[in-house]
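Both backbone and side-chain heavy atoms feed into the values below; hydrogens, waters and symmetry mates do not.
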Amino acid sequence: MIVAPDRTQRPRGEADRPRRGVIILPNGFTLASLFFGMFAIVAASRSEFDTAGLYVVFGGLCDALDGRVARATGTGSRFGSELDSLVDAITFGLAPAMIMYFAVLNRNGWDWIFAFIFTACAVIRLARFNVEQAGRAKKYFHGLPSPAAGMTLATYYWFSQTPLYNQTVLGDLNWTTGLRSIMLVLAFLMISNVSYPAVPTVGFRKISEILGTLAVIATFIGVLFLRKEFYFPALICYVLYGLVKTVIFGLLDRRPRGDSPVIDDEEPLLLTAAGVIEPANDVTRQRQHRRRRRRRPPGPGEPPRGSTGFPPSGPSGGAP
């Protein structure tokens, strides 16, 4: 009996492989973030600082979506993590620094060094992130996230055009000098061990969940109705929150729950599963297999570990 081949069946290994379009989707969001970062630099060079800040915010939105889409579709990879970091270095490192250079810093002197320091620290922060935290679930970031630092600088011009800035005592401050200090502080916090919370936990069972819910609601209201007045002050509060919290926990000799600023012995397994680091070589795998075999308890009918399998000698054993 001849059976017609089933054309619907796939070769082994392709059943769970995601479609090519699904794989391209998260990387498409990452490249969109790069597009907005480059557009922000071009707009800043044309003295369109309002538009430049908007493009950096759009880049932040794409950066938030690419990771979530990758996790939702199961298409996360080491390539995606590396691409995301390279793009973030431009969108949230170079682009905000160039906005500050064209808008605030003195172009005829050595003020460009502030832009270099900020960009260099953003690159170092992203490289450390790939080693420590990329590819695994996290509650805290080690160091100020580069999107938060970049958007803090990029949205300053928005805030400077609002009545809250121009018609209050804030407008009388020396922001030209202050922004240089802010750039240095943000650069230092990106490469520091200061812990910053990730996405707030939403709920009503704990105080932390209630505060997280209120923070999310306040963010939506601020983004929708007070765009220019909201971003820069809110991001400054986020920067100060992580700094003050770390100082308080340091004085109490504690660490926030879920925060682990160094890689321990268990994390390489998580990073290997996420595709961030290469799996162990054959010799290491053989050693781990031998350790597991030594720890495995004896099965039914097997002699205990360390015995020869023969009955004990002596009168009761029946040995000659």
Side-chain angles (χ1 to χ4, degrees), residues 26-27 29-38 40-41 56 59-60 62-68 70-71 76-100 112-154 183-199 235 238-239 242-243 246 258-280:
N27 294 330
F29 281 110
T30 304
L31 294 178
S33 177
L34 174 63
F35 171 80
F36 287 121
M38 291 298 299
I41 297 175
V56 173
C62 294
D63 180 71
L65 289 175
D66 61 359
R68 285 165 174 77
R71 288 189 292 270
S77 63
R78 183 179 180 184
F79 172 81
S81 300
E82 298 292 339
L83 179 64
D84 182 69
S85 293
L86 293 173
V87 168
D88 287 357
I90 296 176
T91 305
F92 307 113
L94 181 61
M98 295 307 295
I99 293 175
M100 286 291 101
W112 61 268
I113 202 70
F114 291 97
F116 165 75
I117 293 174
F118 182 85
T119 305
C121 289
V123 172
I124 295 172
R125 188 264 182 278
L126 292 166
R128 187 181 68 172
F129 176 83
N130 279 356
V131 175
E132 289 186 351
Q133 290 186 289
R136 65 186 182 94
K138 61 191 73 69
K139 293 183 179 180
Y140 290 88
F141 293 108
H142 307 153
L144 179 65
S146 57
M151 286 192 290
T152 300
L153 295 182
M183 291 183 70
L184 293 178
V185 170
L186 294 176
F188 168 76
L189 289 176
M190 281 192 290
I191 61 175
S192 69
N193 285 327
V194 177
S195 298
Y196 282 89
V199 179
L235 289 168
Y238 178 75
V239 172
L243 186 59
T246 301
D259 182 22
S260 52
V262 295
I263 300 179
D264 56 23
D265 295 337
E266 299 296 331
E267 287 180 357
L269 300 177
L270 299 174
L271 296 175
T272 301
V276 177
I277 61 176
E278 296 293 338

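For F116, the side-chain contact (heavy atoms from CB on, under 4.5 Å) partners at least two apart in sequence or on another chain are W112, I113, A120.
Within a 6.0 Å sphere centred on OH of Y238, other residues, nucleotides and ligands contribute more than 12 heavy atoms.
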*Go through M183 and I117 one step at a time and tell me if the side chain to side chain contact (heavy atoms under 4.5 Å, CB included) criterion holds.*
CA-CA 8 Å; M183 291 183 70; I117 293 174; over 6 Å; no
*Given L144 and V194, is the side chain to side chain contact (heavy atoms under 4.5 Å, CB included) satisfied, shown in steps?*
CA-CA 7 Å; L144 179 65; V194 177; over 6 Å; no
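In this structure, the separation between OG1 on T246 and CG on N193 is 9.0 Å, given to the nearest 0.5 Å. Taking OG1 of T119 as the reference point, atom CG of L94 lies at 5.0 Å (rounded to 0.5 Å). Taken to the nearest 0.5 Å, the CG atom of L34 stands 11.5 Å off from the CG atom of D63. Atom-to-atom distance recorded for M38:CE and I90:CD1 is 6.5 Å, nearest 0.5 angstrom.
Listed here is the closest heavy atom pair of V56 and A40: CG2-CB, 3.7 Å. Between R128 and I191, the shortest heavy-atom contact is NH1-O, 3.4 Å. In terms of heavy-atom proximity, L65 sits nearest to F29 at CD1-CE2, 3.7 Å. A pairwise comparison of heavy atoms in A187 and C121 identifies O-CB, 3.4 Å as the closest pair. Of all the heavy atoms in A154 and I99, the pair that sits closest is CB-CD1, 4.1 Å. Nearest heavy-atom pair across T91 and S33 is OG1-O, 2.9 Å.
With F118 as reference, M190 is the one residue of M190, M98, M100 to meet the side chain to side chain contact (heavy atoms under 4.5 Å, CB included) rule.
Between the Y196 side chain and the V239 main chain, a donor and an acceptor come within less than 3.5 Å of each other.
For the 3.5 Å distance criterion, the side chains of D88 and S146 fail to qualify, holding no donor opposite an acceptor.
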